[in-house]
Structure formats: structure tokens, C-alpha cells
*Asks:* 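I have a structure here, written as C-alpha cells, and I will follow up with some questions on it.
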Amino acid sequence: MSTPTRIWSPISFEKEGKQTGSLRLPISSDLSAYGWIPIPVVCLKNGKGPTAVLFAGTHGDEYEGQIALFELAREISPDDVNGRIIILPSLNFPAVEAGRRVSPMDDGNLNRVYPGKAHGTPTEMIAHYVTSVLLPMADLVVDLHSGGRSLEYVPCALIRPSADAERHARLMQLVSVFGAPVSYLTDGKGGGGNTTLPASAEAQGVPVITAELGGGATLQHIGKQIASNGVRRLLHHMGIYRDDSLDVPAPTRFTEVPTRDYFVYADDDGLFEPAVAVGADVVAGQLAGYLHSIHRPTSAPVELCFPVEGMVACRRFPTLTRRGDCLFGLMRDLH
Ligand code: ZN
């Protein structure tokens with residue numbers, strides 16, 4: 001038997017109606033020996049229908065999803081729900097409070113520590129709570145991200161391909177319902193691999209729709225709209241929350257990231273000057289940008305080229321760059 005979570009809550013996920021409160025992440029510090037950190041949670045339950053679990057704030061500096069879920073949590077009445085909706089708009093709350101990707105408590109990146117540990121660091125304890133308490137209740141999980149401080153993303157949804165054909169078809173259907181302009185399939189190459197929420201959820205057979213909605217640690221209105229409409233369409237599709245006001249989305253463009261060749265990395269320190277915008281279609285050998293040396297102002301900048309043809313999915317947002325930083329990520333149309 002797995003070790004029980006140390007996180008507790010006055011919220012009961014079995015109680016009918018709308019509850020707003022927090023999960024309580026235990027801490028024991030110099031100034032708070034028996035304390036807890038609040039992780040906001042809203043639970044709406046009406047009867048015995050399916051359960052959707054909605055996350056934002058897995059990374060604290062990604063805002064479109066956080067605000068889209070605040071709005072949803074305010075608007076939905078349990079009378080309109082058939083089943084259960086559990087909303088955690090600030091899942092790694094210490095990171096949200098600090099405006100950072102990672103938690104200031106342990107430098108933990110919540111989407112790199114799944115399945116988590118019951119007796120681990122604060123970030124590992126949150127991942128373990130998701131894996132051991134929330135995923136077993138869920139028929140659908142949505143996890144809303146954007147590029148954060150270091151990346152700008154083309155607004156898109158993503159799924160982790162499943163080896164199980166039926167599960168895979170279900171994910172393809174759900175991501176189409178979400179209706180982002182672009183939907184891409186990735187097993188986390190270049191990112192988190194098997195340490196992510198979708199990897200943990202796959203082991204339990206729970207479908208996860210992730211979204212990347214903008215970036216640069218700011219708020220893009222279009223990304224917030226995509227998140228809001230996509231979540232509502234999914235809830236409607238699952239029969240959990242009826243909303244007839246939503247338009248049918250335009251068909252999504254399915255893409256994939258087949259290899260590491262689809263990333264451009266800095267091989268020097270310098271100032272990064274991108275030559276293309278996210279969303280652009282590029283060809284192999286095309287100029288991607290420049291790296292200017294801060295030490296040698298009269299030296300020509302390093303010219304960076306795209307190794308393959310594709311669409312620019314994301315680019316590095318800060319200009320100051322270190323060797324090893326990811327400058328661009330590409331996608332190609334799904335084959
Ligand atoms: Zn993120």
C-alpha cells in the first residue's frame with residue numbers, strides 16, 4: 001500500500017454543493033513549527049456523474065490558466081453540475097505566490113517530480129497528493145500552462161500519446177473538443193519525460209489535456225480565452241456542465257515533436273536576437289536568430305539556423321542567454 005498523503009483539507013470531495021477552501025500542505029519552519037501552506041481548491045458536486053479535475057499554477061509564473069480557472073470557479077453553480085468539478089487554480093501555491101516556475105521552498109518543479117513522494121519535499125508532496133488522491137477520482141484532468149518567464153509559446157494544447165489504441169483515440173477526441181488552434185503529441189522529449197503529470201496519469205488510465213497558452217510571465221488574452229472555452233467545451237462534452245453558448249471550434253492542427261532535432265540550443269553565452277516569431281513555418285537551414293557576445297562587441301554574432309523544417313512552437317523569451325539554453329522548439333504536422 002502506498003504511503004498516505006500528509007496533505008489534508010477541511011474540504012470533503014464527497015460533499016454535495018460548492019465548497020471553497022484549501023488543501024493544507026504541512027510545514028515546520030523557524031516561524032511556523034506546526035503550520036500549513038494553503039493551496040486554494042474549489043469543489044462543485046451534484047450527484048453521481050463524472051469528475052473533472054482542473055489545474056493551473058503547476059508553474060507559478062504562467063497566468064492564463066490561473067485566471068481562466070478563477071473565472072470558472074466564480075461562475076459555476078453546483079445546480080448546473082452533473083457530477084463533480086475540482087478546481088485547483090494555483091496548484092504549486094508557493095511558486096504562484098513567488099511568481100516563479102519553481103517553488104521557493106525547495107526549488108521544486110512540480111511537473112518534474114511526478115509521481116511525487118508522501119514524505120518528500122513540499123513540491124514532491126503536492127505531486128504525490130495529485131497522484132494518490134486526485135487522479136484516482138478523475139475521469140478527466142486539464143492542466144493549464146504557458147511558457148512562463150523563459151519561454152513564449154504558440155497557444156496550443158498537448159497530449160501524451162498512449163500505447164493503448166483506445167486510450168489514444170480518446171485523448172485525440174478530447175484534445176479536439178478542447179479546440180486550441182494547434183494540438184501536439186509529445187512524450188516529453190526535450191522536457192519532463194516520465195516525471196510529468198501526464199506520465200503519472202497514463203499509468204492510472206486518466207486522460208490529461210495540457211495546454212500552453214502564451215508566456216513571458218505575462219497574460220495573453222487570447223490564451224486565457226482558449227483555456228476558458230476549451231475547459232467549458234470539455235465539461236460540456238463530458239456531460240458535467242452544460243454550456244450551449246460555446247461555438248464549435250475550428251479544426252485543430254495536429255502536430256508532433258518527433259526528435260531532439262526539433263530544438264535549437266545556445267552553444268555559447270550571449271544576447272539572443274530571434275529572427276522569427278512563434279507560429280511561423282520555417283525550413284531547414286533558415287536563419288533562426290543571432291547570439292551576440294557581450295565580451296566582443298566588434299565580433300560578428302553567431303548565426304543560428306533551424307536544423308529541420310517545422311512550425312515554431314516556442315522561443316526563449318529573455319534575451320540574456322547561457323550556453324545550453326533552449327532558444328526554439330519546433331513542431332511538424334502529424335504524419
Ligand atoms: Zn508550465
Side-chain angles (χ1 to χ4, degrees), residues 39-40 53-70 87-116 122-124 126-127 130-131 134 141-160 175 178 180 182-202 208-220 222-224 226-228 230-231 255 257 263 278 312-318 325-329 331:
I39 301 172
V53 180
L54 311 175
F55 296 131
T58 285
H59 297 134
D61 59 353
E62 303 172 0
Y63 296 106
E64 290 82 356
Q66 294 183 40
I67 294 176
L69 292 189
F70 294 161
I87 304 174
L88 290 110
S90 321
L91 184 57
N92 197 353
F93 187 76
V96 169
E97 199 175 30
R100 293 181 55 190
R101 179 175 181 79
V102 302
S103 171
M105 299 184 73
D106 53 17
D107 276 336
N109 178 339
L110 180 52
N111 216 23
R112 298 291 182 275
V113 296
Y114 279 94
T123 305
E124 288 170 337
I126 296 170
V130 171
T131 305
L134 296 176
V141 172
V142 180
D143 190 23
L144 300 168
H145 289 248
S146 62
R149 198 181 302 176
S150 81
L151 291 173
E152 179 189 7
Y153 247 95
V154 69
C156 59
L158 56 128
I159 54 173
R160 179 184 171 87
V175 80
F178 185 86
V182 174
S183 299
Y184 83 98
L185 281 66
T186 174
D187 61 1
K189 277 194 191 77
N194 288 328
T195 63
T196 64
L197 168 65
S200 252
E202 160 76 9
V208 178
I209 303 300
T210 305
E212 298 286 358
L213 300 158
T218 188
L219 180 80
Q220 293 192 14
I222 181 72
K224 192 191 85 172
I226 290 168
S228 180
V231 166
T255 61
V257 184
F263 295 88
V278 297
V312 178
C314 62
R315 67 129 170 142
R316 178 172 175 78
F317 199 75
D325 286 336
C326 177
L327 303 177
F328 287 103
M331 302 164 171

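Ligands are counted one by one from 1 in listed order, and the atoms in each one are counted from 1 as well. It should be emphasised that the depicted structure is a prediction, and the values quoted were computed from it without experimental measurement.
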*Asks:* Do the side chains of L144 and E64 get nearer than 4.5 Å, heavy atoms only?
*Replies:*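 No, their side chains stay 4.5 Å or more apart.
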
*Asks:* Got a sec: is E212 within less than 2.8 Å of the Zn ion (ligand 1) via an N/O/S atom?
*Replies:*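 Given the 2.8 Å cut-off, E212 does not count as a ligand of the Zn ion (ligand 1).
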
*Asks:* Would a 4.5 Å heavy-atom cut-off, applied to side chains only, mark V208 and R160 as touching?
*Replies:* no

*Asks:* Could you check which N/O/S atom of H59 is closest to the Zn ion (ligand 1)?
*Replies:*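 Sorting the N, O and S atoms of H59 by distance to the Zn ion (ligand 1) puts ND1 first.
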
*Asks:* Under 30°, 30 to 60°, or over 60°: which ring-plane class applies to H145 and H59, parallel, tilted or perpendicular?
*Replies:* perpendicular

*Asks:* Does any part of the side chain of P198, heavy atoms only, come nearer than 4.5 Å to the side chain of T210, both counted from C-beta?
*Replies:* yes

*Asks:* With rounding to 10 degrees, what does the angle E62:OE1 / the Zn ion (ligand 1) / H145:ND1 come to?
*Replies:* 100°

